[in-house]
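Note sheet for the following structure.
Naming: A, B, ... by sequence-line order, numbering from 1 per chain. Any value given below was found using the heavy atoms of this structure, including those in side chains, with hydrogens, waters and symmetry copies removed.
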There are 2 protein chains.
Amino acid sequence: MSHSREDVISAAGRLFARDGYHGTSMRDLGRELGLLGSSLYSHVQGKQELLVAVVERGAGFFQAAADAALAVEGPASERLRRLIAGHLDVMLDHRDEVRTYLNEARSLEPASRERVVAARDRYEQAFRTVLKEGVADGSFRDDVDPKLAGIFVLSILNAVDRWYEEDGGLDRAALASQIADMVERGLRTG
Amino acid sequence: MSHSREDVISAAGRLFARDGYHGTSMRDLGRELGLLGSSLYSHVQGKQELLVAVVERGAGFFQAAADAALAVEGPASERLRRLIAGHLDVMLDHRDEVRTYLNEARSLEPASRERVVAARDRYEQAFRTVLKEGVADGSFRDDVDPKLAGIFVLSILNAVDRWYEEDGGLDRAALASQIADMVERGLRTG
DNA sequence: TCCTAGCAAACGAACGTTCGTTTGTATCCT
DNA sequence: AGGATACAAACGAACGTTCGTTTGCTAGGA
C-alpha cells in the first residue's frame, strides 16, 4: 500500500494533462493516490518539481524517438516517415506527459523552461534536417522551405492529441500513413 | 479615467491568453487596468463571466470569417484559400481572444463549454464542406478524406499562434499562400 | 440629486507548504 | 527468536498567503 516517487510523478502527469498545472492542487494529487496532499512531500520537494519531472519526461521521449528515426538509412522520405510514426508513438504511448509537455511548459520556472525550449528546438531541428536532405537529393521540391514545412508537419502531429482516440476505426499506423502521404504529396517533386 | 465593461473584457483576454485562466487572478486583472480586483465587480458579475465573454468573442470572429468565405463563388479551391486567409486574419487581428478560445475553453463551466464545442464543430464543418465540394468536382483527389484533411488544415492554422510573429520577413499574405499552396498540392488531382 | 465607478475592508475557502507525530516495516544485536 | 533501532510513509493540524467575492462607503459627473 506504499507509494513511490514514480507513482506521484505519473499521477501528476495525469492531472496536469487533464486540469492543467494551475488547475491541479496538491490535495487533488493526493486524493488521486488515496493520500493527503501533505503526504506527497515525503516523495517530492514541491509542486514545481513534479511539473519539471513530467515535462522533461515528455521531452526525453521525443528526443529518443528522433534519434532513432534519424539513424535510419535510405531516402530522406523514409526518415521523415519514421519521424512521423515515432512522434505518434510517443504521443499515444505517453499521452499525459506529452500533453503536459505541450501545454503546461509555460508554467515552468524560467530555468527549467529554458531547458525545455532548447530541447524543443533540437527536436524540431531533426525534422528540418530531413526536409533539407530531401530537397538536396531532389526528392522534395526545391521551393520547399524546410523551416516552414517542419513547422507544418509538427503542427499536424501535435494537434493529434486534441482529437484522435485510438479505439476508433483509424488505427495508429493508418493515421501515420494518412499524415505521411498527405505531407509527402505536398513536398515531393513532379 | 473611467473604465467600461469592454475594457475589462479585453484586459481579461490579454491576461488569459498570456497566463491562462487559472493563472490569472482578479487582482492581476485589476492591476492591468489600474484598479483593485474588487473594483471589477462594478463591471462584471465574476471571473467566469469574463472567460465566457472572451471565448465567445473568439468563436464569433471565426464563424463570421467562415460565413464570408463560404459565400464566395467559384471553385472549391478558392473558397478553401479564403477560409485559410480568413482564419489567419482572425487569429492575427484578435490574438488574445483566439488564444483564449483555443487554450482556455476547458476552464469553462459545462454549459458554456458545450456551446463553444458546438461552435467549433460548426466551424470545422465549413472546412469539411469545401473539401467535399472539391472532391466532388474532381479538383481534389477522390481518396481525400474531408474530415481528416479538414483537421490537418486546421491543425496547421491553429498552431500559427504558437510560433508566428507578424513583424518578421514573412507577412500575413505570404504565410497564407505558403499554407494554401502546400495544402493544395497535398489535395489536388494529378 | 441620484447613479455609478471605485475604494477600503473584510469574508470564507482554498492554496502550497511545514510541522510534530504515528505507523508499519525492515535491520541489527544479543 | 526477540527486542531495540532506524527509517520511510503517511497523517492531521496549522502556517501564512492568495483566491474569488461581498459589503459599505465616498467622490464625481450627468
Partners passing ring pair (Phe, Tyr, Trp, His ring centres under 6.0 Å) against B/H22 (at least two apart in sequence or in another chain): none
Could you identify which residues of residues 46-54 of chain B place a heavy atom less than 4.0 Å from some atom of DNA chain D, listed by residue number, or say none? B/G46, B/K47
All N/O pairs under 3.5 Å across the protein-nucleotides 22-24 of chain C interface:
none

To the nearest Å, give me how far apart CZ (B/R5) and C1' (C/dG6) are. 18 Å
In whole Å, I'd like the distance from the CZ atom of B/R31 to the C1' atom of D/dC19. 13 Å
With B/E114 via salt bridge (Lys or Arg N to Asp or Glu O under 4.0 Å) - residues at least two apart: none
Is it the case that the side chain of A/E104 and the backbone of A/L51 share a donor-acceptor pair, with hydrogens and angles ignored and the cut-off at 3.5 Å? no
Can you list every pair that meets ring-ring contact (aromatic ring centres under 6.0 Å, His included) and has a residue in residues 110-146 of chain A, with sequence neighbours left out? A/F62-A/Y123, A/H87-A/Y123, A/Y123-A/F127
Does any non-hydrogen side-chain atom of A/Y21 lie less than 4.5 Å from one of A/V55? no
Determine which pairs satisfy ring-ring contact (aromatic ring centres under 6.0 Å, His included) with at least one residue from residues 165-190 of chain B, sequence neighbours left out, and list them in order. none
Taking salt bridge (Lys or Arg N to Asp or Glu O under 4.0 Å) as the test, write out the residues that go with A/R172, two or more places apart. A/D89, A/D93, A/E166
Taking side chain to side chain donor-acceptor pair (under 3.5 Å) as the cut-off, I'd like each qualifying pair that reaches into residues 175-190 of chain B, sequence neighbours left out, listed once. B/R81-B/D181, B/R81-B/E184
Per A/R27 side chain, nearest of listed nucleotides D/dC11, C/dT17, C/dC7: C/dT17
Tell me every residue that passes salt bridge (Lys or Arg N to Asp or Glu O under 4.0 Å) with A/D145, counting only those two or more places apart in sequence or in another chain. none
Residues touching DNA chain C, which here means a heavy atom under 4.0 Å, drawn from residues 10-20 of chain B: none
Would you please test B/E56 and B/R115 for salt bridge (Lys or Arg N to Asp or Glu O under 4.0 Å) and show each step? CA-CA 9 Å; B/E56 290 196 334; B/R115 284 204 310 280; 2.8 Å; yes
Run the side chain to side chain contact (heavy atoms under 4.5 Å, CB included) test against B/S10 and tell me which residues pass, sequence neighbours left out. B/R14
Specify the residues of residues 37-44 of chain B, ordered by number, for which at least one heavy atom lies under 4.0 angstrom from an atom of DNA chain C. B/S38, B/S39, B/S42, B/H43
Starting at CG of B/L33 and ending at C1' of C/dC7, how long is that distance when rounded to a whole Å? 15 Å
Taking a hydrophobic cluster as the set of Ile, Leu, Val, Met, Phe, Trp and Tyr residues connected by side-chain heavy atoms closer than 4.5 Å, whether directly or through intermediates, do A/V183 and A/V72 fall within one such cluster? no
Just checking A/G34: base, sugar-phosphate only, or nothing, at a heavy-atom cut-off of under 4.0 Å? sugar-phosphate
Donor-acceptor contact present, side-chain A/S112 to main-chain A/L108, <3.5 Å: no
Hey, does A/T24 reach any base, or is it just sugar-phosphate, or nothing, if we go heavy atoms under 4.0 Å? sugar-phosphate
Euclidean distance, atom CG of residue B/L36 to atom P of D/dC19 [Å, nearest integer]: 13 Å
